Number of protein chains: 2
Amino acid sequence: MNGTGTAAEDRVFAALANATRREVLRLLRERGPQPVQALAEHFDMRRPSLSEHLKVLREAGLVSEQRSGRQRIYRLEAAPLADVQDWLHPYERFWRGRLTGLGALLDRMPDDDQP
Amino acid sequence: MNGTGTAAEDRVFAALANATRREVLRLLRERGPQPVQALAEHFDMRRPSLSEHLKVLREAGLVSEQRSGRQRIYRLEAAPLADVQDWLHPYERFWRGRLTGLGALLDRMPDDDQP
DNA sequence: AGGATAGGTAGGTATTCTCCTACGCGTCAA
DNA sequence: TTGACGCGTAGGAGAATACCTACCTATCCT
């Protein structure tokens with residue numbers, strides 16, 4: 001279908017399942033691209049640990065790095081977050097106009113998949 | 001503000017960071033409330049393991065259970081997913097109209113938080 | 001009452017996560 | 001060239017996950 005299987009989805013959700021990594025994303029969003037040092041100031045954690053978090057974010061496609069001298073500038077890459085939003089879409093009817101039309105039907109419909 | 005701190009957010013994202021649990025949510029969304037048995041048919045996993053997944057989903061507020069005889073009917077509770085969508089909002093400008101207006105400014109702005 | 005059924009809990013194991021302390025590699029400045 | 005700086009990787013400890021096999025409770029049926 002799209003080349004990115006469940007593995008990619010797993011990596012993105014797993015990357016988001018950590019407060020430090022979500023905070024990194026917030027910092028990159030609010031303050032723009034930054035080197036590791038500047039990010040590290042906000043955390044009570046040694047830099048190697050933050051480096052590992054950045055690696056997880058990189059492998060999830062949520063950030064990219066660009067070398068500049070001896071610095072590595074990290075930048076937010078939001079495409080995977082758009083995928084998360086797409087993933088959420090089919091659930092929207094459950095918190096908007098909850099029991100109307102088809103929503104009501106499906107919401108009440110008991111399981112019909114028994115052998 | 002809302003009483004739910006980062007701990008609740010953590011539980012929700014952590015709950016979503018597993019393909020089995022996301023599949024449970026999908027089944028509840030597409031087929032309506034179901035007992036554990038019906039859900040278990042879809043997984044190559046013993047029922048106690050699925051029970052633990054359901055516990056994680058329950059503690060994240062993503063499902064609720066209603067006892068009916070000796071069955072437990074699980075139902076999707078989408079409110080935490082709405083919270084996820086709210087969490088995503090500030091990132092939207094990064095994948096829509098990427099480099100225009102304020103977006104462009106913030107996107108390029110280097111870090112200005114140095115002592 | 002006795003057995004079957006639905007589903008949770010206990011406890012164990014293998015793997016993964018998250019942090020740490022060393023250390024290595026490239027870059028810049030003296 | 002030598003040393004300091006920026007940042008990653010290696011390897012290890014402890015906690016958390018995700019599965020399993022028992023086993024327990026509650027409900028239903030005969």
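The figures that follow rest on heavy atoms only: side chains count, while hydrogens, waters and symmetry mates do not. Just so we're on the same page: letters track the sequence lines, and every chain starts at 1. Quick caveat: nothing in here was measured; it's all calculated off a predicted structure.
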Distance check needed: [N] [atom2] versus [X] [atom1], whole Å only.
{"X": "B/Gln34", "N": "C/dA6", "atom1": "CD", "atom2": "P", "answer": "15 Å"}
{"X": "A/Leu39", "N": "D/dG6", "atom1": "CG", "atom2": "P", "answer": "14 Å"}
{"X": "B/Lys55", "N": "C/dA10", "atom1": "NZ", "atom2": "C1'", "answer": "11 Å"}
{"X": "A/Arg47", "N": "C/dG24", "atom1": "CZ", "atom2": "C1'", "answer": "13 Å"}
{"X": "A/Asp10", "N": "D/dT17", "atom1": "CG", "atom2": "P", "answer": "15 Å"}
{"X": "B/Leu57", "N": "D/dT17", "atom1": "CG", "atom2": "C1'", "answer": "14 Å"}
{"X": "A/Gln37", "N": "C/dT27", "atom1": "CD", "atom2": "P", "answer": "17 Å"}

Query raised in the report: Does a side-chain N-to-carboxylate-O contact under 4.0 Å join A/Glu65 and A/Arg75?
Result: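 No, this pair does not count.
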
List every contact pair, protein side and nucleotides 13-19 of chain C side both N or O, where the distance is under 3.5 Å.
unit_1 : atom_1 : unit_2  : atom_2 : d
C/dT18 : OP1    : A/Asn18 : ND2    : 3.1
C/dT18 : OP2    : A/Arg21 : NH1    : 3.0
C/dT18 : OP2    : A/Arg21 : NH2    : 3.4
C/dC19 : OP2    : A/His53 : NE2    : 2.4
C/dC19 : N4     : A/Glu52 : OE1    : 3.2

Query raised in the report: Distance from A/Met45 atom CE to A/Glu52 atom CD, nearest 0.5 Å?
Result: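 CD of A/Glu52 is found 9.5 Å from CE of A/Met45.
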
Report task. Please determine, for the side chain of B/Tyr74, which listed nucleotide (C/dG8, D/dG8, D/dC7) has the closest atom? Result ->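 Nucleotide nearest to B/Tyr74's side chain: C/dG8.
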
Requested in this report: Can you sort out which residues in residues 64-73 of chain B have a heavy atom within less than 4.0 Å of DNA chain C? Ascending by number, please.
Outcome: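 Residues of residues 64-73 of chain B that come under 4.0 Å of DNA chain C are, in numerical order, B/Glu65, B/Arg70, B/Gln71, B/Arg72.
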
Query raised in the report: For B/Phe43, which contact category applies under a 4.0 Å heavy-atom criterion: base, sugar-phosphate, or nothing?
Result: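 B/Phe43: no heavy atom of the nucleic acid under 4.0 Å.
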
Report task. Apply the test side-chain contact (heavy atoms from CB on, under 4.5 Å) to residues B/Phe43 and B/His53: give CA-CA distance (whole Å), side-chain angles for both, the deciding distance (0.1 Å), then the verdict. Result -> CA-CA 12 Å; B/Phe43 301 97; B/His53 283 303; over 6 Å; no

Query raised in the report: Between the side chain of A/Tyr91 and the main-chain N/O of B/Arg26, is any donor-acceptor distance below 3.5 Å?
Result: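 Judged by distance alone, yes, a pair lies under 3.5 Å.
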
Query raised in the report: Under 3.5 Å, side chain of A/Arg21 to main-chain N/O of A/Ala15, donor-acceptor pair present?
Result: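 The answer is yes, because a donor-acceptor pair under 3.5 Å joins these two groups.
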
**Report entry** Between B/Gln85 and A/Glu92: side-chain donor-acceptor atoms closer than 3.5 Å
**Finding:**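 Yes, a side-chain donor-acceptor pair sits under 3.5 Å.
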
Requested in this report: Determine, step by step, whether A/Phe13 and A/Val84 satisfy the side-chain contact (heavy atoms from CB on, under 4.5 Å) criterion, reporting the C-alpha distance in whole Å, the side-chain angles of both residues, the deciding distance to 0.1 Å, and the verdict.
Outcome: CA-CA 8 Å; A/Phe13 279 111; A/Val84 170; 4.3 Å; yes

Query raised in the report: Which is it for B/Arg22 and A/Glu9 under the salt bridge (charged side-chain N to carboxylate O under 4.0 Å, His left out) test, yes or no, and what are the steps along the way?
Result: CA-CA 10 Å; B/Arg22 290 196 304 276; A/Glu9 205 168 52; 3.7 Å; yes

Query raised in the report: Checking side-chain contact (heavy atoms from CB on, under 4.5 Å) for the pair A/His89/A/Asp86: CA distance, chi angles, key distance, verdict?
Result: CA-CA 5 Å; A/His89 261 119; A/Asp86 291 345; 4.1 Å; yes

